[in-house]
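For the single chain, residues carry numbers from 1 onward in sequence order. Numbering of ligands and ligand atoms starts at 1, following listing order.
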Amino acid sequence: MSLSVIILAAGQGTRMRSGLPKVLHPLGGSPLLQHVIRTAKQLDPSSTIHVVYGHGGEQVREALEQEEVNWVLQAQQLGTGHAVDQAMPSVPDDDVLLVLYGDVPLVRAGTLARLVARAEQGSLAVLTATLDNPFGYGRMLRNVDGRLTGIVEQKDAGEDQLAIREINTGFLAAPAGRLRAWLKQLDKNNAQGEYYLTDVIAMAAADGAPVDSASADDEYEILGVNDRVQLAALERIYQRCQAEQLMRNGATLADPARLDVRGEVVTGNDCYLDINTVFEGRVTLGAGVQIGPNCCIKNATIGDDVVILANCVIEDSTIGKQSRIGPFARIRPQTELAAQVHVGNFVEIKKTRIATGSKVNHLSYIGDTHMGSGVNVGAGTITCNYDGAYKHLTEIGDNVFIGSDTQLVAPVRVGDGATIGAGSTITHDVPSDELTLSRSKQETRSGWKRPVKKTD
Ligand code: UD1
Ligand code: CA
């Protein structure tokens, strides 16, 4: 049986007080809606996913343009039943239909699979939860046998019904053909003057169709985002889950509460993460990687046994095994470091390849450079890679020794085994295996006196 998924995402999200549509607010670095789409795909990669959008519609479509979904416009928000109905023309009768919410991002595929399994057996299946404080939610109505007979919304409920603690999470699954027939019978005769999707429960029960419920594995799965306080609460839950995943995969975290994953991190065994690391995009850590406090690592591949000391920023780069970075190093995009490279404090590296065992340990800028192996770059060395209009390449051979405070004015080439004297400004290619230096001669003026301020 094929699966069709409808994700409701047309609501305004007024309480966010934002120019950004609610479903685009990020959780763990991705829009809320994207989490729901991913979960739906995880459930069944071949499912057709319809997203019902309305408020800020074009912005939502643009932000998620790479997602393979069918966008369905609900021009006026006339209720959840009306929203689902907008997508029904593209849902085949013999599919199972699953309804999700774009602002409830943490529901898990396993939970949804139970709902879908019940719908495959022919039931209308609703995900419910029992809450200490059910305020605001639709309440599940059951007859004396405990069978579901309907849902009553908070605003329509009588006093007895308000005491019911079993609530409607909003997620449901049903055979599509049957749901279509019930949707046709919806009306707006209720406190909010909306077409309530929830009314299909009573219709199904009246038709004698099987109505079933399931519950989520974890309480947080059903939590929705209405304001930024709830968003922050979900973010912490999400980050806790990411941290637990990393620990289960063999990483030690100094404090699971002080780590943020805004993307995907893969770790080898025995990684150690000190506090306040932020990972973004896709990051891969080899085995035995150690990361000091306060690092930001984005779209990077870090080899086995690399040590990254405190306060480093690494982006779009590859760090070879057993390298040592920081403290206070910045590795900018398109940098590729081979094994055992050392990049020390207050060093910036950009769009540069450095071969095995080379060291840039103190206060340097190395950009647009190809550097060989076994090179030692002295403190304060700068590649002058930019002439104001173009960027130029600096090429440094193997086993080069560059004295401190050297400027390499690119384009320039330094041959294998060359030595450059400290304080040199290198504007021409440097031959292999020789000492090259450019320096004005040192002089001493004996007897010279410092000027002294006159006093009256
Ligand atoms: C709904 C349920 C309620 C349930 C609660 C769980 C109904 C009538 N009520 O109530 O039983 O306990 O969710 O959170 O279904 N949406 C649209 N188009 C619309 C209206 C809503 O796309 O015309 C979307 C919203 O963006 C949101 C979702 O549907 O993602 C739920 O809408 P919302 O207005 O929050 O429903 P509730 O009144 O909270
Ligand atoms: Ca809601």
(request) Please indicate whether any nitrogen or oxygen in Q76 is less than 3.5 Å from any nitrogen or oxygen in ligand 1. (result) no
(message) So, 4.0 Å and heavy atoms of L78: is ligand 1 close enough to count as a contact?
(response) yes
(request) Give the C-alpha distance, both sets of side-chain angles, the deciding distance and a yes or no for salt bridge (charged side-chain N to carboxylate O under 4.0 Å, His left out) between R332 and E348. (result) CA-CA 7 Å; R332 291 174 53 202; E348 174 178 345; 2.5 Å; yes
(message) The test is salt bridge (charged side-chain N to carboxylate O under 4.0 Å, His left out); show your working for K391 and D368 and say whether it passes.
(response) CA-CA 7 Å; K391 303 279 169 66; D368 301 296; 5.3 Å; no
(message) Just by distance, no angles: are the side chains of Q340 and Q322 close enough, under 3.5 Å, to form a donor-acceptor pair?
(response) yes
(message) I'd like to know whether ligand 1 has H82 as a neighbour, heavy-atom separation below 4.0 Å.
(response) no
(request) Can you sort out which atoms of ligand 1 are near A83, meaning under 4.0 Å from one of its heavy atoms? (result) 17 (C), 18 (N), 22 (O)
(request) Indicate whether any N or O donor in one side chain lies under 3.5 Å from an N or O acceptor in the other, for T130 and E166. (result) no
(request) Establish, from distance only, whether the side-chain atoms of W182 and D207 form a donor-acceptor pair under 3.5 Å. (result) yes
(message) Check whether D95 reaches the backbone of L97 with its side chain - one donor and one acceptor, N or O, closer than 3.5 Å.
(response) no
(request) Heavy-atom contacts with A9 under 4.0 Å: which atoms of ligand 1 show up? List them by number with element. (result) 22 (O)
(request) Identify, by atom number and element, the atoms of ligand 1 in contact range of G138, meaning under 4.0 Å from any of its heavy atoms. (result) 3 (C), 4 (C), 11 (O), 12 (O)
(message) Pairs of nitrogen or oxygen atoms closer than 3.5 Å, one from Y101 and one from ligand 1: do any exist?
(response) yes
(request) Compute whether any side-chain donor of one residue and acceptor of the other, for T352 and H370, lie under 3.5 angstrom apart. (result) no
(request) Answer yes or no: does an N/O atom from G79 fall short of 3.5 Å to an N/O atom of ligand 1? (result) yes
(request) Would you check whether A10 has a nitrogen or oxygen atom less than 3.5 angstrom from a nitrogen or oxygen atom of ligand 1? (result) yes
(request) Report yes or no: does a heavy atom of G224 sit under 4.0 Å from some atom of ligand 1? (result) no
(request) Please determine if R108 and D218 form a salt bridge, counting it only when a charged side-chain N lies under 4.0 Å from a carboxylate O. (result) yes
(message) Any nitrogen or oxygen of N168 lying under 3.5 Å from a nitrogen or oxygen in ligand 1? Just yes or no.
(response) yes
(message) Can you tell me which residue among D94, D85, D93 is in a salt bridge (charged side-chain N to carboxylate O under 4.0 Å, His left out) with R180?
(response) D93
(request) From the options D103, V104, V84, D85, select the one whose nearest heavy atom is closest to atom 30 (O) of ligand 1. (result) D103
(message) Do N276 and N294 pair up side chain to side chain, a donor and an acceptor below 3.5 Å, judged on atom types alone?
(response) yes
(request) Kindly confirm or rule out an N or O of G102 lying under 3.5 angstrom from an N or O of ligand 1. (result) no
(message) On a heavy-atom basis, which atom in L32 and which in K22 lie closest, and how many Å separate them?
(response) CD1-O, 3.3 Å
(message) Can you tell me if T198 contacts ligand 1 (heavy atom of the residue under 4.0 Å from the ligand)?
(response) yes
(request) Report yes if some N/O of G11 lies less than 3.5 Å from some N/O of ligand 1; otherwise report no. (result) yes
(message) Please work out, at 4.0 Å between heavy atoms, whether the side chain, the backbone, both, or neither of T169 comes within that distance of ligand 1.
(response) backbone
(message) Heavy atom to atom 10 (O) of ligand 1, shortest distance: which of E153, Q74, K155 holds it?
(response) E153
(message) Side chains of S213 and R142: any donor to acceptor distance under 3.5 Å?
(response) yes
(message) Under 3.5 Å between any N/O of T80 and any N/O of ligand 1: does that happen in this structure?
(response) yes
(message) At less than 4.0 angstrom from any non-hydrogen atom of Y196, what atoms of ligand 1 do you find?
(response) 8 (C)
